[in-house]
Number of protein chains: 2
Amino acid sequence: MDFVDLVRKRYSLRKYSSFPVATPVIEKCLEAARLAPSACNSQPWSFLVAATPEKVKPLAEAAFGGMYSMNAFAAAAPVLVVVLTERSRYSAALGGMFRGVQFSLMDIAIACEHISLQAAELGLGTCMFGWLNEKAVKKELDLPSSTKIDLMLSMGYPEDEEFLPPKKRKSLEDIRRFL
Amino acid sequence: MDFVDLVRKRYSLRKYSSFPVATPVIEKCLEAARLAPSACNSQPWSFLVAATPEKVKPLAEAAFGGMYSMNAFAAAAPVLVVVLTERSRYSAALGGMFRGVQFSLMDIAIACEHISLQAAELGLGTCMFGWLNEKAVKKELDLPSSTKIDLMLSMGYPEDEEFLPPKKRKSLEDIRRFL
């Protein structure tokens with residue numbers, strides 16, 4: 001598939017079929033994340049994967065309860081991934097601090113987008129979440145309070161395989177200028 | 001091309017051929033960025049494109065002089081893109097502030113990775129830069145001081161078309177755990 005067609009095919013899936021995702025399929029998506037670029041090749045990510053309803057449901061309840069309930073639909077996804085933002089290499093952390101830019105946020109976002117694009121190629125849908133109850137997730141998973149969770153991601157097959165929402169985007173003229 | 005093969009093909013290109021990049025090719029890469037996902041569909045990006053040596057050289061000198069000179073190789077790239085981080089939608093900005101996570105950084109990183117992957121598919125190489133002299137770039141391009149430049153990107157054909165550096169990455173076992 002042409003890359004731009006894959007980009008067009010990816011959308012934020014919110015209605016999941018209950019059909020489970022086979023482990024090798026999940027692994028293939030994580031492999032695409034593993035190979036992602038990062039500042040100073042820091043690879044500041046790790047992934048905790050819930051892939052059974054018994055694991056997904058309490059995790060989704062912790063992450064998307066209360067004021068975060070706009071994302072509660074994720075409880076119906078067969079797979080839920082917690083992305084841990086790990087420490088960047090010293091050079092990237094120092095450079096980012098000097099520039100006032102958290103490079104690790106860029107890095108994990110790119111890795112997650114690799115998951116989403118790989119999933120789309122395999123006929124799966126995903127949704128990325130930045131709006132989540134980090135504290136409750138750490139409690140649910142018994143993670144140290146120093147753990148940083150900036151993103152989560154749901155994954156599964158779409159309930160409606162034909163559905164493809166139109167992309168609402170600014171025009172190219174609005175976002176680029178040749179110098 | 002399978003997505004994972006495209007991911008394997010993309011690397012940070014530092015040795016550019018002087019062969020120019022045709023405008024429709026640049027536009028195709030920007031189109032892939034335009035279609036990228038973002039928090040609350042904010043699309044908090046715009047792209048200033050230098051595509052002639054007359055525009056690239058002074059821009060590279062501003063961005064990558066002095067303590068930023070590890071990226072001075074970008075002066076030889078036929079295309080240099082300045083990514084402006086625009087304001088996110090109110091919901092994304094507020095949510096990000098509450099969470100202590102700058103969603104717009106994730107958004108522009110994903111958009112830039114779309115450029116890099118689209119470029120790789122077209123036989124081009126790219127390199128992303130977070131380490132740049134933002135103040136000098138703004139002065140060179142006569143941009144308001146409130147402008148935010150978190151990323152730049154070089155683009156062009158590789159001097160050595162056959163070269164593909166091995167990817168040094170942690171193993172999958174090191175970065176993922178099933179709950």
Side-chain angles (χ1 to χ4, degrees), chain A residues 1-4 6-8 10-12 23 27-28 30-37 39 41 43 45-51 55 59 95-96 99 101-103 105-110 113-114 116-118 121 128 130-132 134 141 150-151 167-170 172 174-179, chain B residues 1-4 6-8 10-12 23 27-28 30-37 39 41 43 45-51 55 59 95-96 99 101-103 105-110 113-114 116-118 121 128 130-132 134 141 150-151 167-170 172 174-179:
Chain A
M1 194 185 314
D2 278 358
F3 178 66
V4 74
L6 185 57
V7 166
R8 287 179 190 281
R10 186 223 58 83
Y11 67 94
S12 294
T23 305
E27 294 280 66
K28 186 153 190 197
L30 293 171
E31 172 68 5
R34 186 181 80 85
L35 296 170
N41 198 26
Q43 311 166 60
W45 47 61
S46 55
F47 305 93
L48 304 180
V49 184
K55 297 290 182 185
L59 179 55
R99 287 266 294 116
V101 181
Q102 197 190 332
F103 293 146
L105 277 187
M106 299 193 186
D107 297 338
I108 61 159
I110 290 173
E113 179 65 356
H114 278 207
S116 291
L117 290 167
Q118 179 59 81
E121 188 181 62
M128 275 190 224
W131 186 240
L132 58 96
E134 184 175 6
L141 298 182
D150 296 311
L151 275 181
K167 288 216 180 303
K168 291 176 187 163
R169 297 289 189 274
K170 296 172 192 168
L172 202 51
D174 285 340
I175 62 164
R176 71 95 179 78
R177 178 162 68 83
F178 281 84
L179 295 169
Chain B
M1 195 186 312
D2 278 357
F3 178 65
V4 75
L6 185 57
V7 166
R8 286 179 190 281
R10 185 222 60 80
Y11 68 94
S12 294
T23 305
E27 293 281 65
K28 187 153 189 199
L30 293 170
E31 173 68 5
R34 186 181 79 85
L35 296 170
N41 199 24
Q43 310 165 61
W45 47 61
S46 56
F47 305 93
L48 304 181
V49 184
K55 298 289 181 185
L59 179 55
R99 287 266 294 117
V101 181
Q102 197 189 331
F103 293 146
L105 277 187
M106 298 193 186
D107 297 338
I108 61 159
I110 290 173
E113 179 64 358
H114 278 208
S116 291
L117 290 167
Q118 179 60 81
E121 189 181 61
M128 277 190 222
W131 186 241
L132 57 97
E134 184 176 6
L141 298 182
D150 296 311
L151 275 181
K167 289 218 181 300
K168 292 176 189 163
R169 296 289 189 273
K170 296 172 192 168
L172 202 51
D174 286 339
I175 61 164
R176 71 96 177 78
R177 177 162 68 83
F178 281 85
L179 296 170

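Here is the naming used below: chain letters follow the sequence lines, and residue numbers restart at 1 for every chain. Note: hydrogens, waters and symmetry copies are ignored here, and every other heavy atom, side chains too, is used.
- Both the backbone and the side chain of A:Leu35 come within contact range of chain B, each with at least one heavy atom under 4.5 Å from a heavy atom of that chain.
- For A:Arg177, the side chain to side chain donor-acceptor pair (under 3.5 Å) test picks out no residue, with sequence neighbours left out.
- For B:Ile108, the part lying near chain A is the side chain, with the backbone staying farther off; criterion is any non-hydrogen pair under 4.5 Å.
- Two residues are said to be in side-chain contact when any heavy atoms from C-beta on lie closer than 4.5 Å; B:Arg99 and A:Glu134 meet this criterion.
- Between chain A and the options B:Gln43, B:Arg10, B:Glu121, B:Lys168, the largest number of non-hydrogen pairs under 4.5 Å is found for B:Gln43.
- With a 4.5 angstrom heavy-atom cutoff, A:Ala36 touches chain B only via backbone atoms.
- Taking chain B as the reference chain and counting heavy-atom pairs below 4.5 Å, the highest number among A:Lys28, A:Glu27, A:Lys55, A:Met1 is found for A:Glu27.
- Residue B:Gln118 touches chain A through both its backbone and its side chain, counting heavy-atom pairs closer than 4.5 Å.
- For the options A:Leu30, A:Leu117, A:Asp107, A:Leu59, heavy-atom pairs under 4.5 Å to chain B are most numerous at A:Leu117.
- Between B:Phe3 and A:His114, the shortest heavy-atom distance links the atoms CE2-O, 3.4 Å.
- The two residues A:Thr23 and B:Phe178 make their nearest non-hydrogen contact at CG2-CZ, 3.9 Å.
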Can B:Met106 and A:Asp150 be said to form a side-chain contact (heavy atoms from CB on, under 4.5 Å), step by step? CA-CA 10 Å; B:Met106 298 193 186; A:Asp150 296 311; 3.9 Å; yes

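- Taking each heavy atom of A:Leu172 and B:Arg34 in turn, the nearest pair found is N-CD, 3.5 Å.
- Only the side chain of A:Asn41 comes within contact range of chain B, with at least one heavy atom under 4.5 Å from a heavy atom of that chain.
- The salt bridge (Lys or Arg N to Asp or Glu O under 4.0 Å) with A:Glu31 is formed by just one residue from the set B:Arg8, B:Lys167, B:Arg176; it is B:Arg8.
- Of the atoms belonging to B:Leu48, heavy atoms from both backbone and side chain fall under 4.5 Å from chain A.
- For the residue pair A:Ala32 and B:Val7, the shortest heavy atom distance occurs at O-CG1, 4.1 Å.
- With a 4.5 Å cut-off on side-chain heavy atoms, B:Met128 and A:Ile110 count as touching.
- The parts of A:Lys170 that come within reach of chain B are both its backbone and its side chain, each placing non-hydrogen atoms under 4.5 angstrom from that chain.
- If you measure heavy-atom distances from A:Leu132 to chain B, the contacts under 4.5 Å come from both the backbone and the side chain.
- Under the salt bridge (charged side-chain N to carboxylate O under 4.0 Å, His left out) criterion, A:Arg169 pairs with no residue, sequence neighbours left out.
- For the set B:Val49, B:Leu6, B:Asp2, the count of heavy-atom pairs under 4.5 angstrom toward chain A peaks at B:Val49.
- With a 4.5 angstrom heavy-atom cutoff, A:Ala39 does not touch chain B via any of its atoms.
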